[in-house]
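Only this structure's heavy atoms are used, side chains among them; waters, hydrogens and symmetry mates stay out. Chain A is the first sequence line, chain B the second, and so forth, proteins listed ahead of strands; every chain is numbered from 1.
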Amino acid sequence: MGTPLETREAQVEEVLERLYEEYPDSTISLNYSNRLELLIAVILSAQCTDERVNAVCAELFETYGTPEEYANAPQEELAEAINSITYYNNKATYIRSACADIAEKHDGEVPDTMSDLTDLAGVGRKTANVVLQHGHDVVEGIVVDTHVQRLTRRLGITEAERPEAIEEDLLGIVPEDDWQQFTHLMIDHGRAVCTARNPDCGECVLADVCPSAKPDAAVDLASGEEW
DNA sequence: CTCCCGATAT
DNA sequence: ATATCAGGAG
């Protein structure tokens, strides 16, 4: 049913323990083999499934390699190469611009600071945190994507709405050693069980500590409840 | 706030 | 037919 625990810290501790058990190998699901590929894959992943990003990147990474090659690619050509991805025109523009900056201002290397990363086109705080964590082993924040936003709000861990405000809340609640893994667990659980449209509360290992859990597994799809 | 914007699930 | 997918820019 969902009686929240005494404190949010205690609830998060319980959530982490159960999800580590459920998803012991939870990690990033984008395919890449260097920092530039990571950056590009994450830019492409905005509002798009990782599965489709991986499908496009398999060919993309064979065609282009260096920052200069992306920067000098014709807009039309790069857009065409990624046209099965959401917002492909914007993303082609972002990638060319970001890669031009990497080549000219960063000696061809993907930056390793939050401010240098977010100065790149198409790179906001979420993308920068992913590149810092997985490209540079720098964990100075918590990645808040659509899954983390949805699950933390359903669980009552935060009432904040903006991703930056949610991250600020989480930084004060989630143990620092778990900052990176917390996101992967939320994403895996969000994809498999706590889905955006029809969360499978009947099969959720967090149902008893979740204030949003539906009473029983026989879900009434007709109820116009807000999630 | 709006715009971007294809593939997939429901 | 519509909501959603590892968001970000103007």
Once you round it to whole Å, what is the distance between [atom2] of [N] and [atom1] of [X]?
X        : N     : atom1 : atom2 : answer
A/Arg96  : C/dA9 : CZ    : P     : 17 Å
A/Asp119 : C/dG8 : CG    : P     : 14 Å
A/Leu117 : C/dG8 : CG    : C1'   : 14 Å
A/Lys126 : C/dA6 : NZ    : P     : 9 Å
A/Gln47  : B/dA7 : CD    : C1'   : 13 Å
A/Glu164 : C/dA9 : CD    : P     : 11 Å
A/Gln180 : C/dA6 : CD    : C1'   : 14 Å
A/His189 : C/dA6 : NE2   : P     : 15 Å

Can you tell me how far the [atom1] atom of [X] sits from the [atom2] atom of [Y], to the nearest 0.5 Å?
X        : Y        : atom1 : atom2 : answer
A/Ile28  : A/Thr183 : CD1   : OG1   : 10.5 Å
A/Arg96  : A/Tyr64  : CZ    : OH    : 10.0 Å
A/Ile40  : A/Arg35  : CD1   : CZ    : 14.5 Å
A/Thr49  : A/Ile85  : OG1   : CD1   : 7.5 Å
A/Leu39  : A/Ile102 : CG    : CD1   : 5.0 Å
A/His136 : A/Glu109 : NE2   : CD    : 8.5 Å

Next on the checklist: Within residues 67-94 of chain A, which residues have any heavy atom lying less than 4.0 Å from an atom of DNA chain B?
Outcome noted: A/Asn83, A/Ser84, A/Thr86, A/Tyr87, A/Tyr88, A/Asn89, A/Asn90

Checklist entry - Which is true for A/Val123 with a 4.0 Å heavy-atom rule: it touches a base, it touches only sugar-phosphate, or it touches nothing? => result sugar-phosphate

Next on the checklist: Under 4.0 Å, counting only non-hydrogen atoms across every strand here, what does A/Ile43 touch: a base, just sugar-phosphate, or nothing?
Outcome noted: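 The answer is nothing, as A/Ile43 stays clear of every strand by at least 4.0 Å.
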
Next on the checklist: Taking A/Arg8 first and then A/Glu159, would you say they form a salt bridge - that is, a charged N and a carboxylate O separated by under 4.0 Å?
Outcome noted: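 Salt bridge between A/Arg8 and A/Glu159, a charged N being under 4.0 Å from a carboxylate O: yes.
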
Interatomic distance at [atom1], [N] relative to [M], whole Å:
N     : M      : atom1 : value
C/dA6 : B/dT10 : P     : 14 Å
B/dT8 : C/dG8  : C1'   : 23 Å
B/dC5 : C/dC5  : C1'   : 12 Å
B/dT2 : C/dA3  : P     : 15 Å

Next on the checklist: Check this for me: A/Glu59, atom CD, are more than 12 non-hydrogen atoms of other residues, nucleotides or ligands nearer than 6.0 Å?
Outcome noted: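 No, because the 6.0 Å sphere around CD of A/Glu59 holds 12 heavy atoms or fewer from other groups.
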
Checklist entry - Counting only heavy atoms not in A/Gln181, do more than 12 fall under 6.0 Å of its CD? => result yes

Checklist entry - Among A/Gln149, A/Arg125, A/Arg162, whose side chain to side chain donor-acceptor pair (under 3.5 Å) with A/Glu167 holds? => result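 The option that passes is A/Arg125.
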
Next on the checklist: Closest approach to the side chain of A/Thr127, judged atom by atom: which nucleotide of C/dC5, C/dG8, C/dA6 is it?
Outcome noted: C/dG8

Atom pairs under 3.5 Å: protein N/O with N/O of nucleotides 8-10 of chain B:
unit_1: B/dA9; atom_1: N3; unit_2: A/Arg197; atom_2: NH2; d: 3.3

Checklist entry - Does A/Val130 or A/Thr118 map to a spot on DNA chain C nearer the 5' end, using the closest nucleotide for each? => result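 With A/Val130 and A/Thr118 compared, the 5'-side residue is A/Val130.
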
